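Both counts, for ligands and for their atoms, begin at 1 and track the order of listing. We use all heavy atoms of the structure for the numbers below, so side chains are in, but hydrogens, waters and symmetry mates are not. The first residue of the sequence shown is numbered 1, and numbering continues consecutively from there. These numbers were taken from a predicted model, which means no experiment stands behind them.
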Amino acid sequence: MSDICKNWTQWLSQTRFAHMSEVQIQQTFNWLFALRDIVISKANIKNGDKIIDIGCGSGLLAFGIIEKFSDNVEIIFSDKFEDCLEECKKLLEKCATPNKASFLQSDCLDIKLPDFSVDKALTRSVLVHILDKQKAINEIYRILKKGGTYSAFEPIIKSNTRYHELTSPEQITDWQAFKEAEDDFMTDINDPLTNFDAQSIAQNLDNAGFSDGDIDVQDTPSTYVAQKDSIIKWFESAPSPDRPTSKERFLKYFDEKKVNNYIKEVQEALGGKTITVSSKTIFIRATK
Ligand SMILES: C[S@@+](CC[C@H](N)C(=O)[O-])C[C@H]1O[C@@H](n2cnc3c(N)ncnc32)[C@H](O)[C@@H]1O
């Protein structure tokens, strides 16, 4: 477990940016800050609120709240993994803004807080890593006070543009077989990254007891020139510390020689070309 724990901090600070140019990294930060502000604004935070950032990682949401509300609110940094909380503690020491912050090491499937204990619960890209999303949402419902709000952002990975949509059978040997493999692993119900969509989350909210679950679906196309070396990194970068890379996923269906050839052909087909990829995301807002 401690390996995964260590890797989450690494993933958040390095791995997730490994395939990106400086410009793309800057664009990603701008995007993260913009969606952070939406999650915070949808939480409708008031002075005096007790707020938990569940799966806080390096504290994107929690520090955003401190920046906006200073010590007018109480904020709990919560994560399953100690290294994330240690990272946030270090950052908090450098933070000049007065705050009422505390730390809670806790699995979101078993949050170490009593029922009805917080006014607001926030998550950003946490449910996507949890296999049993219903259980996590039940826990969030349990710890919220009556009238409390859950606000979140999640990427819907299964709706992302797939490699086969960017290439054609003339460019790729066994294109159809690679398409089928990709469609299979991108809809795997035993993989937390792909076992959900906007409808299933709406159902989870309803089942947990939220009466007014609202899901705002956004489809964000992004157009850029695909660089050959970035394409290799698409295949070799892990979507999270404990999950396989795209290359490893293809290796479950084909031998290494075939997968390496596939990656080479995708590189040839897309390298230097302008491509448009789409990623679907959701903002969740619900009241207990
Ligand atoms: C993609 S990161 C998001 C971090 C942060 N919320 C942000 O917006 O940058 C996912 C976070 O979920 C945490 N996490 C993963 N599984 C968890 C679990 N079962 N319970 C609580 N946190 C978990 C990880 O440690 C990591 O910090």
| said: By the definition salt bridge (Lys or Arg N to Asp or Glu O under 4.0 Å), identify the one residue from Asp191, Asp184, Asp188 that meets it with Arg249. | reply: Asp191
| task | Can you establish whether the number of heavy atoms outside Lys233 located under 6.0 Å from its atom NZ is more than 12? | result | yes
| request: Step by step, work out the ring pair (Phe, Tyr, Trp, His ring centres under 6.0 Å) result for Phe63 and Phe77. | output: CA-CA 9 Å; Phe63 283 111; Phe77 289 77; 5.1 Å; yes
| Does ligand 1 have an atom that lies less than 4.0 angstrom from a heavy atom of Cys56? | yes
Closer than 4.0 Å to some heavy atom of [X] - which atoms of ligand 1 meet that?
X      : answer
Asp107 : 18 (C), 19 (N), 20 (N)
Cys84  : 25 (O), 27 (O)
Gly57  : 4 (C), 27 (O)
Cys108 : 18 (C), 19 (N), 20 (N), 21 (C)
Asp79  : 13 (C), 22 (N), 24 (C), 25 (O), 26 (C), 27 (O)

| remark: In terms of heavy-atom contacts, Glu139 and Leu109 come closest through CG-O, 3.5 Å
Under a 4.0 Å heavy-atom limit, does [X] contact ligand 1 with its side chain, its backbone, both, or neither?
X      : value
Ile130 : side chain
Ser106 : backbone
Leu60  : side chain

| note | A student comparing Lys135, Glu139, Arg124 should find that the heavy atom closest to atom 9 (O) of ligand 1 comes from Arg124
| With respect to atom 23 (C) of ligand 1, which of Arg36, His129, Glu82, Lys80 exhibits the smallest heavy-atom separation? | Lys80
| task | Find out whether the Lys NZ or Arg CZ of Lys247 is both under 6.0 angstrom from the six-membered ring centre of Phe235 and within 45° of the ring's axis. | result | no
| Student check: side-chain heavy atoms of Ile75 and Ile66 closer than 4.5 Å | yes
| field | Pair listing, salt bridge (charged side-chain N to carboxylate O under 4.0 Å, His left out) test, anchored in residues 98-115, at least two apart | value | Lys80-Asp107, Asp110-Lys112, Asp115-Arg142
| request: Assess the pair Phe153 and Trp31: is the distance between their ring centroids shorter than 6.0 Å? | output: yes
